[in-house]
There are 2 protein chains.
Amino acid sequence: MKPTVYHIPVCPFCQRLEILLSLKGRRDAVDFRVVDVTRPRPEWLLEKTRGTTSLPILEIDGGRIVKESLVILQYLDDLFPERPVAQREPYRRAVENMLTRMEAEFCARGYAWVMNQDPGRRAAFEEAVLERYGELNDFLLEHSPSDPFLFEAFGWAETVFTPLFARFWFLEYYEDFRLPAGPRYTRVRRWVDACLAHPAAQQATKEEIVKVYYDYAKGAGNGALLPGRRRSSFTLEPDWRARPWPPRDKYAHSATDRELGL
Amino acid sequence: MKPTVYHIPVCPFCQRLEILLSLKGRRDAVDFRVVDVTRPRPEWLLEKTRGTTSLPILEIDGGRIVKESLVILQYLDDLFPERPVAQREPYRRAVENMLTRMEAEFCARGYAWVMNQDPGRRAAFEEAVLERYGELNDFLLEHSPSDPFLFEAFGWAETVFTPLFARFWFLEYYEDFRLPAGPRYTRVRRWVDACLAHPAAQQATKEEIVKVYYDYAKGAGNGALLPGRRRSSFTLEPDWRARPWPPRDKYAHSATDRELGL
């Protein structure tokens, strides 16, 4: 049996795994199966996850389950040791591990902002997100002032962060967020741009992310249903390509299923 | 220059590094320097940490700094590759990494409880801590039902958790916490007992932890000074050996410097 990843649609944590495998030229070595999170979890999946609903999970031989995207990422990097993505030299590895430790808070701040429903709190959410970008800027200036990437090439840290940079297109669309011009964010902006342009990291487009994450922008995560709606924007049908771009003004307007093409 | 760790007294994150080095027979390869957290950070240290106050940090050749205990732990395991502590086989490594992912919440729950000052909330704090022990029990039952340790010997996961099990002696002393008898905690109790008994993990005694952490039990962390007190229990002088055992009843009584032998 091929190792199989079960994940929610357009999941950033799952995209990390796809990027890593692409960098190794082994994308086909793992099956990826989307779980419809707008329906109750099927019994066969709950058995695999032992009752928890967190995704992605990786299933390997003998029904063994690996959880947590960074743990799965390391597992796949070890399982296919040719073209290692993680650094091998101890100090370089420590540097990318320190950067990796910043991903949880970076992710949490961006998701908290997109889910915010109180226009009076927008400025505070923006500030918290900018603080995290500023931290990344400082870190890169210290450890890699000139390269676009942390080291010579797109590697482990880029694999971890790029799916988040792409998800944050929902902030650009629904919150009109842009990294401000000026020296505070120059280094991190170069990094973000280089990451998003890399050929191994093209699994999700801005259009797909903006459409699928509409319900997050209205405060409903993980396929939960909003009042007055019959379908989640996370539904697998109709396909996102067949839907119109959602209205951008999340604070003043709640789109209907019909407006969203659902 | 020898790699040098700067840390606060009786710090569990620093003890992880000492355990790892002891397992490798390389305890002498790294210098450990205690920082007096009851005084303002000295300038030379703030320069090393670039203004942050988090400890421990590791300084290596050229003034390079590695932060975050788990990152330092991996660095030292890579730097001294003989007798590796982390698993090398990809799936076993993933298993210990999944267990390691549970340490942050485990630590946070225990520290939150010891710092609680409201007797009405004790039951809720205890429940949250027990829930974490229950999770560890489940994990061990699934991946290692019979051995005392996760694998054949005291390894990475034990290095990560043992200093926390030892710190939680402050819950035993100040909150009268015990793992309840009965099957829910049988497996994790065997693990905790085997971890605490291991010869590589004897850096801190119950007496030292209970005395030094008195101020945590009264709600003051990291060397902060409590009302009416002139010295923190984290002070380096007088030495903890010269002090009496603190009063156990944290909710009804606030000990003076004199009662604490400070």
Side-chain angles (χ1 to χ4, degrees), chain A residues 3 13 17 20 29 47-52 54 56-81 84 86-105 108 134-135 137-139 141-143 156-157, chain B residues 3 13 17 20 29 47-52 54 56-81 84 86-105 108 134-135 137-139 141-143 156-157:
Chain A
F13 310 113
L17 314 179
L20 179 110
E47 261 171 52
K48 290 186 197 305
T49 60
R50 300 187 176 255
T52 71
S54 303
I57 60 165
L58 173 73
E59 181 176 19
I60 58 174
D61 286 341
R64 291 177 299 171
I65 298 292
V66 183
K67 298 180 181 183
E68 298 280 351
S69 79
L70 295 179
V71 177
I72 303 172
L73 203 64
Q74 183 72 61
Y75 174 75
L76 294 175
D77 202 25
D78 294 341
L79 189 66
F80 306 116
Q87 295 290 317
R88 289 297 183 257
E89 190 279 316
Y91 178 69
R92 289 164 66 105
R93 185 175 197 196
V95 169
E96 78 186 357
N97 281 341
M98 283 191 276
L99 184 49
T100 300
R101 295 282 294 186
M102 298 181 184
E103 65 86 30
E105 202 54 30
E135 274 181 8
N137 200 77
D138 291 343
F139 190 92
L141 276 182
E142 181 177 350
H143 295 283
W156 177 273
Chain B
F13 310 114
L17 313 179
L20 179 110
E47 262 171 47
K48 291 186 198 303
T49 58
R50 302 191 174 252
T52 71
S54 302
I57 60 165
L58 173 73
E59 182 176 18
I60 57 173
D61 285 342
R64 291 177 300 173
I65 298 293
V66 183
K67 298 179 181 183
E68 298 280 351
S69 80
L70 295 179
V71 176
I72 303 172
L73 203 64
Q74 183 72 61
Y75 174 75
L76 294 175
D77 202 25
D78 294 341
L79 189 66
F80 306 116
Q87 293 292 317
R88 289 296 181 261
E89 190 278 316
Y91 177 69
R92 289 164 68 106
R93 187 176 196 195
V95 169
E96 78 185 355
N97 281 340
M98 284 191 277
L99 184 49
T100 301
R101 296 281 295 186
M102 298 179 184
E103 63 87 30
E105 203 53 31
E135 274 180 10
N137 199 78
D138 292 342
F139 189 93
L141 276 182
E142 180 177 351
H143 294 284
W156 178 273

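Convention: sequence-line order gives letters A, B, ...; per-chain numbering from 1. From a predicted model like this one, the values you see are computed outputs, not experimental measurements.
Proximity to chain B is limited to the side chain of I60(A), based on heavy atoms less than 4.5 angstrom apart.
Applying the salt bridge (Lys or Arg N to Asp or Glu O under 4.0 Å) test to every pair with at least one member in residues 87-96 of chain B, sequence neighbours left out, gives these pairs: D78(A)-R93(B), R92(B)-E152(B).
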Working note: Y91(A) + L79(B), criterion side-chain contact (heavy atoms from CB on, under 4.5 Å); need CA distance, chi angles, decisive distance, verdict.
CA-CA 8 Å; Y91(A) 178 69; L79(B) 189 66; over 6 Å; no

Please step through side-chain contact (heavy atoms from CB on, under 4.5 Å) for the pair R101(A) and L70(B), ending with a clear verdict.
CA-CA 10 Å; R101(A) 295 282 294 186; L70(B) 295 179; 3.7 Å; yes

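Between chain B and the options V66(A), L76(A), D138(A), L58(A), heavy-atom pairs under 4.5 Å are most frequent for V66(A).
The minimum heavy-atom distance linking P90(B) with Y75(A) is given by the pair O-CD1, 3.4 Å.
Take F139(A) and apply the ring pair (Phe, Tyr, Trp, His ring centres under 6.0 Å) test, not counting sequence neighbours, and it matches H143(A).
Among L73(B), I72(B), V71(B), the one residue that satisfies the side chain to side chain contact (heavy atoms under 4.5 Å, CB included) test with N97(A) is V71(B).
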